[in-house]
Amino acid sequence: MTQFLSTAPYKGTRDFLPAEMSVRTQVFSKLYAVIESYGFERYDGPLLEPVELYEAKSGSELVNEQLFTLTDQGGRRLALRPEMTPSVARMIAANAPQLAFPARWYSHPNCHRYERPQKGRVREHWQINVDVFGSESLEAEVEIFELIHDMLCSLGAKPSQYEIRANDRVLAHSALRTYARIPDESLGKVMRVLDRWEKYPRDVVLKQLGELGLDSASITACEELTAKDFAGICAVAAPEDVAKSRLATILNSGMTNAAVRFDPLIVRGLDYYTSTVFEVFDTNPENRRSIFGGGRYDNLTALFSKQRIPGIGFGMGDVTLMDFLSGHGLAPAPNAGAQVVVLPLSPATRTPLKEAAARLRRAGLRVTTPHEDTQLGKELKKADKCGAKVAVIIGEDELARGKLVVRDLRRSTQREVAREDITAAVLAVLEHVD
RNA sequence: GUGGGCAUAGCUCAGUUGGUUAGAGCAGCAGACUGUGGCUCUGCGGGUCGCGGGUUCGAAUCCCGUUGCUCACCCCA
């Protein structure tokens, strides 16, 4: 008995059949175009990185539990990249002397994390990464916010369908320190508990804060902070920190028209963020979740060199993005492989068939021809099923008069045209069909 | 790592208090219609009922285990 292997892809990974690939390609092509319109340049990097690259700054949870790791034949510990930011920081640090800053770079790598798959989360996803390196200017933040709006707009999303929520770790930490008397070493942990504020019952969160060693006065103060708006947070944070906060300065000065809502509960899990952090949320009541996010990381290149190169950027994964688009009816329809089929009516018409196909391909059209001579009816049926819009039919009767038949598969109409006029005739059909 | 739901034809799913030969729609193939598709009609092929064990005269159905998928939790890009 033959034991067949499973045809299912490994848990949490996906096969992209042509129809899904077409959707993905269309969506991401639009995003690439918008990103490049801001002058960003595309780069790429290795799938494998030393584990140490993530141990330093990404956070212990990610490294200890979610990393796909392996050991090479030389005993080196490697990981499938779980995110791109450390890699790009490495590349920037390595090439800093030759680069012109600010460097606007983007990429579209596949990233891996070992975890239980669920809605919006898989083990391999494709994530667009957009980063600006070497700019201390607040305009870097503004540019990122505006770019995000333009990217989502290019996919047909309306501003009401999503929301950029932002926080600033400088500001949040200051408010926790001065208002809630949280010691510096607990700031990260407290922030992470507060991140659950909207998800958990009030008493659960308060209890978790107590478990971090906070006294009741601090816990009450933390609760009060979660309810404060931007002005309220600024009022209780140390004035010098408010002045230092990049996000506070941007919002106070009205530097951007891009809609950005201050949210004291935006935390983000990665340790390397230093000030501005943000997440883009779906406003669809069926899918109230974060689609993607990012932030400013001013010390990441310090892993590699003395040169201080601040960065800000975000990663946008395909899984949550597609959920967002589908939820709003914005996912594009797949494109057909071939627009035109050229069909022979007898083996004798093979040569003119090849000539016609070549002529159409030179005009930039996607063209197929059948490999075997079968019934015309079946070929037409197949062509329709594959999504072709036009059939060029080559019969000996017409050929004798120097003509070919161009059939509009959608309208079921056809006409004879001279062999030289075939391209124009096909284009004319495609024009009114699309 | 924890918990819920699901698993029957290529796909989506029916399947009665356990009852003998497990069905439908769609898809596929063939034909009606060998130089014109979508519609219609006719016929055909296709199932170890996820896997293993148990209960029973008898299991797709009940029980136990296991694997897979999925949703949620943990955590989070």
Side-chain angles (χ1 to χ4, degrees), chain A residues 1-4 6-12 14 54 57-67 80-87 109-130 192-193 195-196 199-200 204 208 266-273 277-280 287 289-295 297 313-321 323 341 343-346 348-349 373-399 404-416:
Chain A
M1 274 294 283
T2 307
Q3 184 66 49
F4 292 111
S6 169
T7 57
Y10 169 65
K11 183 197 280 284
R14 295 160 293 161
Y54 306 108
K57 291 273 186 179
S58 294
S60 59
E61 165 79 18
L62 188 154
V63 172
N64 295 335
E65 292 167 43
Q66 300 194 329
L67 221 50
L80 296 184
R81 61 184 167 211
E83 53 162 339
M84 198 60 169
T85 310
S87 299
N110 54 342
C111 298
H112 296 78
R113 290 193 182 203
Y114 187 77
E115 59 186 341
R116 287 283 278 269
Q118 59 188 279
K119 190 168 175 62
R121 302 176 66 181
V122 293
R123 288 186 176 177
E124 177 189 35
H125 75 149
W126 292 84
Q127 185 187 58
I128 285 196
N129 280 258
V130 180
R192 237 165 262 179
V193 173
D195 191 20
R196 300 171 192 151
K199 250 174 120 177
Y200 281 56
V204 172
Q208 289 177 346
I266 295 293
V267 173
R268 310 277 302 157
L270 293 169
D271 291 344
Y272 52 64
Y273 291 123
V277 286
F278 57 88
E279 287 187 45
V280 179
N287 188 48
R289 64 163 66 211
S290 168
I291 314 168
F292 63 97
Y297 43 94
F314 61 92
M316 178 193 261
D318 68 316
V319 180
T320 47
L321 178 66
D323 283 348
V341 293
L343 304 174
L345 282 170
S346 66
T349 57
D373 298 312
T374 56
Q375 297 168 34
L376 180 61
K378 283 182 189 163
E379 289 300 333
L380 287 171
K381 192 173 176 179
K382 207 184 291 183
D384 184 58
K385 193 184 162 190
C386 293
K389 307 279 198 302
V390 185
V392 174
I393 302 166
I394 307 192
E396 293 181 70
D397 298 349
E398 292 85 353
L399 215 50
L404 303 171
V405 173
V406 173
R407 182 170 179 86
D408 180 334
L409 291 172
R410 288 288 174 281
R411 297 185 171 182
S412 296
T413 57
Q414 65 185 43
R415 64 191 183 94
E416 279 186 17

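In what follows, chains carry the letters A, B, and so on, assigned in the order in which the sequence lines appear, proteins first and then strands, with residues in each chain numbered from 1.
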Does any non-hydrogen side-chain atom of [Y] lie less than 4.5 Å from one of [X]?
X: A:Glu396; Y: A:Thr349; value: yes
X: A:Phe278; Y: A:Ser290; value: no
X: A:Lys382; Y: A:Val341; value: no
X: A:Leu399; Y: A:Leu404; value: yes
X: A:Arg113; Y: A:Leu80; value: no

Rounded to the nearest angstrom, tell me the gap between atom [atom1] in [X] and atom [atom2] in [N].
X: A:Arg123; N: B:U70; atom1: CZ; atom2: P; answer: 11 Å
X: A:Glu379; N: B:G37; atom1: CD; atom2: C1'; answer: 11 Å
X: A:Glu416; N: B:U36; atom1: CD; atom2: C1'; answer: 14 Å
X: A:Tyr272; N: B:C76; atom1: OH; atom2: C1'; answer: 12 Å
X: A:Leu380; N: B:G37; atom1: CG; atom2: P; answer: 7 Å
X: A:Asp384; N: B:C39; atom1: CG; atom2: C1'; answer: 13 Å
X: A:Asn129; N: B:A77; atom1: CG; atom2: C1'; answer: 9 Å
X: A:Leu345; N: B:G35; atom1: CG; atom2: C1'; answer: 5 Å

Protein N or O to nucleotides 48-52 of chain B N or O, pairs below 3.5 Å:
none

Mind checking the [atom1] distance from [N] to [M]? Whole angstroms is fine.
N: B:G3; M: B:A9; atom1: C1'; value: 33 Å
N: B:C44; M: B:A14; atom1: C1'; value: 23 Å
N: B:A59; M: B:U21; atom1: P; value: 11 Å
N: B:G68; M: B:A60; atom1: P; value: 25 Å
N: B:G15; M: B:U20; atom1: C1'; value: 15 Å
N: B:C29; M: B:C39; atom1: P; value: 14 Å
N: B:C63; M: B:G25; atom1: P; value: 32 Å
N: B:A22; M: B:G65; atom1: C1'; value: 26 Å

Next on the checklist: Apply side chain to side chain contact (heavy atoms under 4.5 Å, CB included) to residues A:Val267 and A:Val277 and explain how you reach the verdict.
Outcome noted: CA-CA 7 Å; A:Val267 173; A:Val277 286; over 6 Å; no
Checklist entry - Counting N and O atoms only, with roles assigned by atom type, does the side chain of A:Arg123 sit under 3.5 Å from a partner on the main chain of A:Glu115, one being a donor and the other an acceptor? => result yes
Next on the checklist: For the backbone of A:Trp126 and the side chain of A:Asp318, can you confirm whether one donor and one acceptor N or O come within less than 3.5 Å of each other?
Outcome noted: yes
Next on the checklist: Here's a test of your reading of the structure: between A:Asp397 and A:Arg196, which maps to the more 5' nucleotide of RNA chain B?
Outcome noted: A:Asp397
Checklist entry - Hey, which of these two, A:His125 or A:Thr413, hits RNA chain B nearer its 5' end, going by closest nucleotide? => result A:Thr413
Looking at [X], I'd like to know whether one of its side-chain N or O atoms comes within less than 4.0 Å of OP1 or OP2 on [N].
X: A:Arg116; N: B:C75; value: no
X: A:Lys11; N: B:G68; value: no
X: A:Arg289; N: B:C76; value: no
X: A:Lys385; N: B:G28; value: yes
X: A:Gln375; N: B:C33; value: no
X: A:Lys381; N: B:U36; value: no

Select base, sugar-phosphate, or nothing to describe what [X] touches, counting heavy atoms under 4.0 Å on all strands.
X: A:Gly377; result: sugar-phosphate
X: A:Glu398; result: base
X: A:Asp408; result: base
X: A:Leu343; result: nothing

Item to check | Stem segments of RNA chain B by first residue number [Watson-Crick or G-U, under 3.5 Å, at least 3] | outcome: B:1-7 with B:67-73, B:10-13 with B:23-26, B:28-32 with B:40-44, B:50-54 with B:62-66
Any N or O donor-acceptor pair under 3.5 Å from the base of [N] to the side chain of [X]?
X: A:Gln414; N: B:G35; result: no
X: A:Glu115; N: B:A77; result: yes
X: A:Arg121; N: B:C75; result: yes

Checklist outcome for this item: Rounded to the nearest 0.5 Å, the CD atom of A:Glu398 sits from the CG atom of A:Leu345 at a distance of 7.0 Å
Checklist entry - Between CD of A:Glu83 and CD of A:Gln66, what distance do you get to the nearest 0.5 Å? => result 11.0 Å
Checklist entry - Is the closest basic N to carboxylate O distance between A:Arg410 and A:Asp384 below 4.0 Å? => result yes
Checklist entry - Hey, what's the ring geometry for A:Phe292 with A:Phe314, parallel, tilted or perpendicular (30° and 60° as the breaks)? => result tilted
Checklist outcome for this item: From the candidates B:C75, B:G35, B:C73, the one with an atom nearest any side-chain atom of A:Gln118 is B:C73
Checklist outcome for this item: Closest of B:C71, B:C75, B:U36 to the A:Lys119 side chain is B:C71
